[in-house]
A.B. asks: 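Pasting a structure here, questions to come.
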Amino acid sequence: MARLVFSLNLPSSHGFNPIPRNYQSFFLNQTGAPRFRAVRCQTNPESSETQEKLVVDNGSAGENSAASKEVEPSPTASSSSSSGFPESPNGDINRRVAAASVIAALALFLSTRLDFGISLKDLTASALPYEEALSNGKPTVVEFYADWCEVCRELAPDVYKIEQQYKDKVNFVMLNVDNTKWEQELDEFGVEGIPHFAFLDREGNEEGNVVGRLPRQYLVENVNALASGKQSIPHARAVGQYTSAESRKVHQVTDPLSHG
């Protein structure tokens with residue numbers, strides 16, 4: 001890139017400076033501090049456009065101009081200073097972040113409310129046979145239910161979560177009230193409404209029962225008491241909204257090993 005350096009010590013005749021004003025040098029300090037000169041040069045011989053550069057001269061006025069340094073303004077600094085305002089954040093990135101936050105919140109809501117379709121069949125599939133539960137030396141939670149029971153279906157996700165949390169310490173048994181196989185157990189535990197949760201200690205003795213729709217904490221605290229080996233449960237008798245067991249549709253299953 002071509003660079004033109006002009007001397008300022010030329011004599012002036014006829015009372016005027018022969019060097020044009022655009023090529024005059026100016027000095028910030030006369031005691032040896034760096035001096036700056038504005039130089040306008042033509043970088044392309046075929047073009048009429050010129051470019052102005054700021055030249056820093058570290059030497060005296062008589063020193064070789066090769067010691068001068070050119071300082072070019074940063075494009076970013078020029079654009080920022082010319083506008084007078086900081087650059088605004090990228091709007092597209094903000095929209096993407098907002099959309100991702102909404103999707104994450106929706107997924108969390110669905111996972112906690114809908115539990116991805118946990119049903120009574122899922123509970124029955126993971127439950128232990130009643131006879132096995134009474135013989136393995138663990139406390140047991142027996143749920144009397146029916147497939148047509150609306151409250152039973154509604155509570156299934158909560159029961160499933162509790163079962164997954166305590167299944168290593170507590171047995172979970174599902175007994176279908178429509179199955180005539182459990183007539184004796186229905187009478188023994190006094191089942192009048194479903195869902196009916198009976199809480200048994202390690203010897204199979206009933207510590208208490210919870211019937212119907214109640215806060216999830218009732219089940220959690222009772223199951224936790226059984227798992228901890230406590231002598232009693234905090235909610236030995238609690239009744240909420242339930243479905244009458246008198247509406248059951250009695251039938252006989254063909255599989256004698258079925259606990260449903």
Side-chain angles (χ1 to χ4, degrees), residues 115 118-214 216-240 242-245 248-260:
D115 295 278
I118 298 299
S119 65
L120 290 173
K121 291 184 179 180
D122 297 319
L123 293 178
T124 303
S126 60
L128 286 177
Y130 182 58
E131 294 79 5
E132 179 181 342
L134 294 180
S135 61
N136 64 8
K138 294 181 181 179
T140 301
V141 177
V142 180
E143 179 183 354
F144 292 90
Y145 76 100
D147 295 330
W148 44 265
C149 172
E150 181 179 352
V151 180
C152 299
R153 293 196 300 265
E154 181 182 336
L155 296 181
D158 285 340
V159 176
Y160 182 81
K161 287 181 179 179
I162 298 172
E163 177 183 341
Q164 294 304 307
Q165 182 178 357
Y166 291 97
K167 63 182 180 180
D168 293 335
K169 298 180 180 180
V170 178
N171 303 314
F172 288 85
V173 175
M174 300 286 291
L175 300 184
N176 193 331
V177 297
D178 289 339
N179 190 343
T180 56
K181 178 181 179 180
W182 310 118
E183 292 289 346
Q184 180 179 346
E185 282 71 23
L186 290 171
D187 294 337
E188 178 182 349
F189 291 102
V191 178
E192 297 179 355
I194 53 176
H196 180 111
F197 299 91
F199 302 91
L200 314 181
D201 61 16
R202 300 177 185 276
E203 287 75 31
N205 302 315
E206 184 179 15
E207 296 292 335
N209 58 75
V210 170
V211 180
R213 183 191 293 112
L214 289 166
R216 179 175 180 267
Q217 198 64 23
Y218 279 55
L219 297 177
V220 172
E221 292 176 355
N222 280 359
V223 174
N224 184 65
L226 291 179
S228 303
K230 295 182 179 180
Q231 298 296 325
S232 61
I233 59 177
H235 308 285
R237 178 65 178 174
V239 179
Y242 62 88
T243 302
S244 176
R248 62 197 184 102
K249 304 173 183 179
V250 179
H251 68 277
Q252 181 67 47
V253 295
T254 57
D255 183 6
L257 299 180
S258 173
H259 58 279

A.B. asks: So which heavy atom on Leu226 is nearest to which on Glu207, and how close?
C.D. replies: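 Looks like CD2-CG, 4.5 Å.
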A.B. asks: Distance only, no hydrogens: is a donor on one side chain within 3.5 Å (strictly under) of an acceptor on the other, for Thr124 and Tyr145?
C.D. replies: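 Yes - a donor-acceptor pair under 3.5 Å links their side chains.
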A.B. asks: Could you tell me which non-hydrogen atom of Ala133 sits nearest to which non-hydrogen atom of Thr140, and how far apart they are?
C.D. replies: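 Result for this residue pair: O-OG1, 3.6 Å.
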A.B. asks: For Leu128 and Asn136, run side-chain contact (heavy atoms from CB on, under 4.5 Å): C-alpha distance rounded to whole Å, both residues' side-chain angles, the deciding distance at 0.1 Å, then the answer.
C.D. replies: CA-CA 11 Å; Leu128 286 177; Asn136 64 8; 4.0 Å; yes
A.B. asks: Quick one: are Asn222 and Pro234 in side-chain contact, heavy atoms under 4.5 Å?
C.D. replies: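 A side-chain contact under 4.5 Å exists here.
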A.B. asks: Starting at CG of Asn171, measure out to CD of Glu163 and round the result to the nearest 0.5 Å.
C.D. replies: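 Taking CG in Asn171 and CD in Glu163, the distance rounds to 10.0 Å.
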A.B. asks: Test Glu143 against every option in Ile194, Leu123, Leu175, Val173 by the side-chain contact (heavy atoms from CB on, under 4.5 Å) rule and name the one that passes.
C.D. replies: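 Output: one option passes, namely Leu123.
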A.B. asks: Nearest 0.5 angstrom please: Tyr160 OH to Asp158 CG, how far?
C.D. replies: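 Spacing of OH (Tyr160) from CG (Asp158) equals 13.5 Å.
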A.B. asks: Compare every heavy atom of Pro195 with every heavy atom of Leu155, then report the nearest pair and how far apart it is.
C.D. replies: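 Minimum heavy-atom separation between Leu155 and Pro195: CD1-CG, 3.8 Å.
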A.B. asks: So which atom in Val159 and which in Leu219 form the shortest heavy-atom distance, rounded to 0.1 Å?
C.D. replies: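 For Val159 and Leu219, the tightest heavy-atom pair comes out as CG2-CD1, 4.2 Å.
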A.B. asks: Indicate yes or no for a side-chain donor-acceptor contact from Ser135 to the backbone of Glu132 under 3.5 Å, with no hydrogens or angles considered.
C.D. replies: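 Side chain of Ser135 to backbone of Glu132: a pair is present.
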A.B. asks: What heavy-atom pair brings Asn209 and Ala198 nearest, and what distance separates the two atoms?
C.D. replies: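 Reported closest heavy-atom pair: CB-CA, 4.2 Å.
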A.B. asks: Take atom CD in Gln217; do more than 12 heavy atoms of anything else shown fall under 6.0 Å from it?
C.D. replies: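 Atom CD in Gln217 is crowded, with more than 12 foreign heavy atoms closer than 6.0 Å.
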A.B. asks: Mark yes when over 12 heavy atoms from residues, nucleotides or ligands other than Glu188 sit less than 6.0 Å from its CD; otherwise mark no.
C.D. replies: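 Enclosed.
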A.B. asks: Which residue pairs pass the ring pair (Phe, Tyr, Trp, His ring centres under 6.0 Å) test with at least one member in residues 185-206, sequence neighbours excluded?
C.D. replies: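 The answer is Phe144-Phe189, Phe144-His196.
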A.B. asks: Below 4.5 Å, heavy atoms only, C-beta onward: do Val142 and Glu185 meet side chain to side chain?
C.D. replies: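 A side-chain contact under 4.5 Å is absent here.
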A.B. asks: How many angstroms lie between atom CH2 of Trp182 and atom CE of Met174, to the nearest 0.5 angstrom?
C.D. replies: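 The CH2 atom of Trp182 sits 12.5 Å away from the CE atom of Met174.
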A.B. asks: Kindly write out the residues that satisfy salt bridge (Lys or Arg N to Asp or Glu O under 4.0 Å) with Arg153, not counting sequence neighbours, or none if the list is empty.
C.D. replies: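 If we apply the salt bridge (Lys or Arg N to Asp or Glu O under 4.0 Å) test to Arg153, skipping adjacent residues, there are no hits.
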A.B. asks: Does a side-chain heavy-atom distance below 4.5 Å link Gln165 with Ile162?
C.D. replies: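 No; the side chains remain at least 4.5 Å from each other.
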A.B. asks: Ignoring hydrogens and angles, tell me if any N or O in the side chain of Asp122 forms a donor-acceptor pair with the backbone of Ser119 under 3.5 Å.
C.D. replies: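 Here the side-chain-to-backbone pair exists.
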A.B. asks: Name all residues meeting the ring pair (Phe, Tyr, Trp, His ring centres under 6.0 Å) criterion together with Tyr166; count only those two or more places apart in sequence or in a different chain, and write none if there are none.
C.D. replies: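 Partners of Tyr166 by the ring pair (Phe, Tyr, Trp, His ring centres under 6.0 Å) criterion come out as none, since no residue qualifies.
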A.B. asks: Using atom types as modelled and distance alone, determine if a side-chain donor or acceptor of Lys138 lies under 3.5 Å from a backbone N or O of Asp168.
C.D. replies: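 Pair found, side chain donor or acceptor close to backbone of Asp168.
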A.B. asks: For Leu134 versus Gly204, what's the shortest heavy-atom pair and its separation?
C.D. replies: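 For Leu134 and Gly204, the tightest heavy-atom pair comes out as CD2-CA, 4.4 Å.
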A.B. asks: After noting the C-alpha distance and the side-chain angles of Leu186 and Arg248, does the key distance pass the side-chain contact (heavy atoms from CB on, under 4.5 Å) rule?
C.D. replies: CA-CA 12 Å; Leu186 290 171; Arg248 62 197 184 102; 3.6 Å; yes
